[in-house]
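These numbers were taken from a predicted model, which means no experiment stands behind them. Lettering of chains follows the sequences in order, A, B, ..., and the numbering in each one begins at 1.
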Amino acid sequence: MRDKPGPAADAESIQEDLWTAVRGIPVGKVATYGDVADFTSTVKLTARQVGRLMSLCPEGVPWHRVVGAGGMLPIGKLSPAAEAEQRARLTADGVRFLGSGRIDMTSHRCGPGDLPGPLEE
DNA sequence: ATAGTGACAAATG
DNA sequence: TCATTTGCCACTA
């Protein structure tokens, strides 16, 4: 190995795996940060880690399919415009919203194993 | 090194 | 259903 002993499994690898997991979310479905963190995993990530890395997510990644627990959109805290965009994209994907501005997780929640990502065994 | 903050989550009242 | 508190991990002052 050549290279310094950086942080366990370079952050690049983590991101790559993360994007793959997010991209594996089927259209019309959504996953929570905790779920995505569970899918990804070459290294066990926590919901916060996922959220933090999400800000770096490159183009082509349906980040809008990643929501908070219960279908809340915590993005509004960071960028109100992004929240509107996410909402519009999800609607275009066929996701329904509840009157409280939250997503109808009862029908769109993606659980571990329901994702065609690298988690398969 | 300590404290504060943040695209979160689960438990509690 | 909502508000509060605690745990989590990384970054910034």
Side-chain angles (χ1 to χ4, degrees):
Chain A
M1 328 143 54
R2 65 198 202 43
D3 295 328
K4 57 183 171 220
D10 303 275
E12 300 254 337
S13 299
I14 298 173
Q15 285 176 36
E16 198 176 324
D17 200 13
L18 179 58
W19 312 142
T20 300
V22 176
R23 263 195 228 193
I25 301 175
V27 177
K29 282 215 153 179
V30 295
T32 68
Y33 288 94
D35 284 348
V36 171
D38 192 44
F39 302 154
T40 297
S41 265
T42 324
V43 231
K44 231 352 187 14
L45 289 174
T46 58
R48 246 188 192 149
Q49 259 42 341
V50 173
R52 215 171 60 75
L53 293 172
M54 271 312 198
S55 312
L56 312 172
C57 107
E59 300 283 321
V61 178
W63 58 271
H64 54 268
R65 283 184 198 142
V66 183
V67 302
M72 67 180 191
L73 306 183
I75 175 107
K77 294 188 85 135
L78 182 73
S79 184
E83 184 255 313
E85 171 125 358
Q86 177 173 25
R87 197 163 164 161
R89 283 179 179 250
L90 288 171
T91 302
D93 280 349
V95 176
R96 303 174 196 220
F97 280 78
L98 298 179
S100 300
R102 282 170 295 194
I103 298 172
D104 181 6
M105 302 296 281
T106 63
S107 241
H108 305 297
R109 202 186 187 194
C110 209
D114 198 3
L115 193 68
L119 186 75
E120 58 186 289
E121 11 175 355

For the pair made of [atom1] in [X] and [atom2] in [N], what is the distance, rounded to whole Å?
X         : N       : atom1 : atom2 : result
Arg48(A)  : dC9(C)  : CZ    : P     : 11 Å
Ile75(A)  : dA7(B)  : CD1   : C1'   : 5 Å
Asp35(A)  : dC8(B)  : CG    : P     : 15 Å
Leu78(A)  : dT5(B)  : CG    : P     : 16 Å
Gln15(A)  : dA10(C) : CD    : P     : 13 Å
Ile103(A) : dA7(B)  : CD1   : C1'   : 13 Å
Leu18(A)  : dA7(B)  : CG    : C1'   : 12 Å
Gln49(A)  : dC8(C)  : CD    : C1'   : 8 Å

Q. Only one of Glu83(A), Gln86(A), Arg87(A) clears side chain to side chain contact (heavy atoms under 4.5 Å, CB included) with His64(A); which?
A.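 In the set Glu83(A), Gln86(A), Arg87(A), the residue that makes a side chain to side chain contact (heavy atoms under 4.5 Å, CB included) with His64(A) is Gln86(A).
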Q) With Asp93(A), which of Arg65(A), His108(A), Lys29(A) fulfils side chain to side chain contact (heavy atoms under 4.5 Å, CB included)? A) Arg65(A)
Q: Please check the phosphate of dC2(C) (OP1 and OP2 only) for any side-chain N or O of Arg102(A) closer than 4.0 Å.
A: yes
Q: May I ask you to say what Thr46(A) touches in the nucleic acid, namely base, sugar-phosphate or nothing, with a heavy-atom cut-off under 4.0 Å?
A: sugar-phosphate
Q: Check every strand shown and say whether Thr32(A) touches a base, only sugar-phosphate, or nothing at a heavy-atom separation below 4.0 Å.
A: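 Answer is sugar-phosphate: Thr32(A) comes under 4.0 Å of backbone atoms only.
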Q. Do the side-chain N and O atoms of Thr46(A) and Arg48(A) include a donor-acceptor pair separated by under 3.5 angstrom?
A.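 Note: Thr46(A) and Arg48(A) side chains miss the donor-acceptor criterion.
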Q | Closest listed nucleotide, where the reference is the side chain of Met72(A) and the choices are dC9(C), dA7(B), dA9(B) | A | dA9(B)
Q) Tell me, do Val30(A) and Leu90(A) make a side-chain contact under 4.5 Å, heavy atoms counted? A) yes
Q. Given the P atoms of dA7(B) and dA13(C), what is the spacing between them in whole Å?
A.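 So the two P atoms sit 15 Å from each other.
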Q) On a plain distance test, is the side chain of Arg52(A) in donor-acceptor contact with the base of dG6(B) below 3.5 Å? A) no
Q) Using 4.0 Å as the upper bound for N to carboxylate O, is an ion pair formed by Lys44(A) and Asp38(A)? A)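 Counted as a salt bridge, because a side-chain N and a carboxylate O are separated by less than 4.0 Å.
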